[in-house]
> 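The structure that follows is given in the form of structure tokens.
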Amino acid sequence: EKVQVPGDLLTMRVLGWEDAVLAVIERHRALPYAAGEADCFVLCMDAIEAMTGTRPYADVRYRSDRGALRQLARRGFARLGDAIGALYPERPRGLARRGDIAVLTSDRGDTLGLVWGGVVICRIGNEIGQAALSSARIVYAID
């Protein structure tokens, strides 16, 4: 069942989405990094599904970081963040809400994370860690 989030007439999220997203984070926290199973993209797709009941890019399958980029390139995306931007509108960092997707830039390219308060929850190797929201290059509104 979807419910309207107070304060935003356009937002529809499933009832109990916050607990569902916390369960996603805890599940990923228990997993070591594995491309296509426990990485930044899968973390964010799992979180979006927990919030909205819909899984974007459900057909994307890969077993390596290079494979992930190949899958996205086949869909016309040069960067990981481009795939998110094709589906969701950009939101100013200062207006980011819990559950939005942040794009962080590292020496290896884009990394996706989940906005939760003033931090971005993201995969850092085998760990689930936090980065400051201010370090996000772009934030996408998951409404």
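Quick caveat: nothing in here was measured; it's all calculated off a predicted structure.
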> From Gln71 CD over to Phe41 CZ, what is the distance, rounded to the nearest 0.5 angstrom?
9.5 Å

> Quick one, Ile84 with Leu112, criterion side-chain contact (heavy atoms from CB on, under 4.5 Å). Give me CA distance, side-chain angles, the key distance, then yes/no.
CA-CA 9 Å; Ile84 305 304; Leu112 302 179; 3.9 Å; yes

> Go through the steps to decide whether Arg75 and Asp82 satisfy the test salt bridge (charged side-chain N to carboxylate O under 4.0 Å, His left out), and finish with yes or no.
CA-CA 10 Å; Arg75 289 164 173 78; Asp82 298 341; over 6 Å; no

> Heavy-atom count around Glu127 CD within 6.0 Å, excluding the residue itself: above 12?
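12 or below, so no.
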
> Of the non-hydrogen atoms in Met51 and Trp17, which two are nearest, and what is the gap between them?
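Where Met51 meets Trp17 most closely, the heavy atoms are CG-CE3, 3.4 Å.
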
> When you measure from the side chain of Ser135 to the backbone N and O of Ala131, does any donor-acceptor pair fall under 3.5 Å?
no

> Should side-chain heavy atoms under 4.5 Å link Ile, Leu, Val, Met, Phe, Trp and Tyr, which residues sit in the same cluster as Leu31?
none

> Would one find more than 12 heavy atoms of other residues, nucleotides or ligands at under 6.0 Å from atom CZ of Arg63?
no

> May I ask whether Leu87 and Leu72 are part of the same hydrophobic cluster, defined by side-chain heavy atoms of I, L, V, M, F, W, Y residues being less than 4.5 angstrom apart, directly or through others?
yes

> Assess the residue pair Arg13 and Ile142 against the criterion (side-chain contact (heavy atoms from CB on, under 4.5 Å)); give the C-alpha distance rounded to whole Å, side-chain angles, the decisive distance to 0.1 Å, and a yes or no.
CA-CA 9 Å; Arg13 296 198 176 175; Ile142 308 303; 4.3 Å; yes

> If you take all heavy atoms of Val139 and Ala96, which pair is closest and at what distance?
CG1-CB, 3.9 Å

> Can you find a pair of side-chain heavy atoms, one from Arg79 and one from Thr105, that are under 4.5 Å apart?
yes

> Identify whether Tyr33 and Val120 are in the same connected component of the hydrophobic contact network (ILVMFWY, side-chain heavy atoms under 4.5 Å).
no

> Can you classify the ring geometry of Phe77 versus Tyr57 as parallel (below 30°), tilted (30 to 60°) or perpendicular (above 60°)?
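Because their plane-to-plane angle is over 60°, the rings of Phe77 and Tyr57 count as perpendicular.
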
> So if you build clusters from Ile, Leu, Val, Met, Phe, Trp, Tyr with side-chain heavy-atom gaps below 4.5 Å, do Leu69 and Ile138 land together?
no

> Between Asp39 and Gly36 (side chain of the first, backbone of the second, donor and acceptor by atom type, cut-off under 3.5 Å), is there such a pair?
yes

> Over all heavy atoms of both residues, which pair between Cys122 and Leu104 is shortest? Give the atoms and the distance, please.
SG-CD1, 4.2 Å

> List the steps and the verdict of side-chain contact (heavy atoms from CB on, under 4.5 Å) for Asp46 and Val42.
CA-CA 6 Å; Asp46 288 352; Val42 175; 3.7 Å; yes

> Could you tell me the separation between the CG atom of Leu22 and the CZ atom of Arg29, rounded to the nearest 0.5 Å?
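Answer for the CG-CZ pair, Leu22 versus Arg29, is 9.5 Å.
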
> Check this for me: does any side-chain nitrogen of one of Arg91 and Asp100 sit under 4.0 Å from a carboxylate oxygen of the other?
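Salt bridge present between Arg91 and Asp100.
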
> Would you find a donor on one side and an acceptor on the other, under 3.5 Å apart, between the side chain of Arg93 and the backbone of Ser134?
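Judged by distance alone, yes, a pair lies under 3.5 Å.
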
> Do Ile121 and Ile128 make a side-chain contact, defined as non-hydrogen atoms from C-beta onward lying under 4.5 Å apart?
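In short, these two side chains touch, coming nearer than 4.5 Å.
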
> For a quick test of reading the model, state the closest non-hydrogen atom pair linking Leu114 to Val21 and the distance between them.
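Residues Leu114 and Val21, closest heavy atoms: CD2-CG1, 3.4 Å.
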
> Under a 3.5 Å distance rule, please check whether Asp110 uses its side chain to pair with a backbone N or O of Gly81 as donor and acceptor.
yes

> Kindly give the heavy-atom pair with the smallest separation between Gln130 and Ile124, and that separation in Å.
N-CD1, 4.3 Å

> Do Met45 and Leu43 share a hydrophobic cluster, counting only Ile, Leu, Val, Met, Phe, Trp and Tyr and linking them when any side-chain heavy atoms are less than 4.5 Å apart?
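They do share one cluster, since a chain of ILVMFWY contacts under 4.5 Å joins Met45 to Leu43.
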
> Could you tell me the separation between the CZ atom of Arg66 and the CZ atom of Arg70, rounded to the nearest 0.5 Å?
7.0 Å

> Does Arg123 use its side chain to pair, donor to acceptor, with the backbone of Ala38 at less than 3.5 Å?
yes

> Tyr88 and Pro56: which non-hydrogen atoms are nearest, and at how many Å?
OH-CG, 3.6 Å

> Would Leu133 and Val119 count as a side-chain contact (heavy atoms from CB on, under 4.5 Å) here? Give the steps.
CA-CA 5 Å; Leu133 179 57; Val119 299; over 6 Å; no

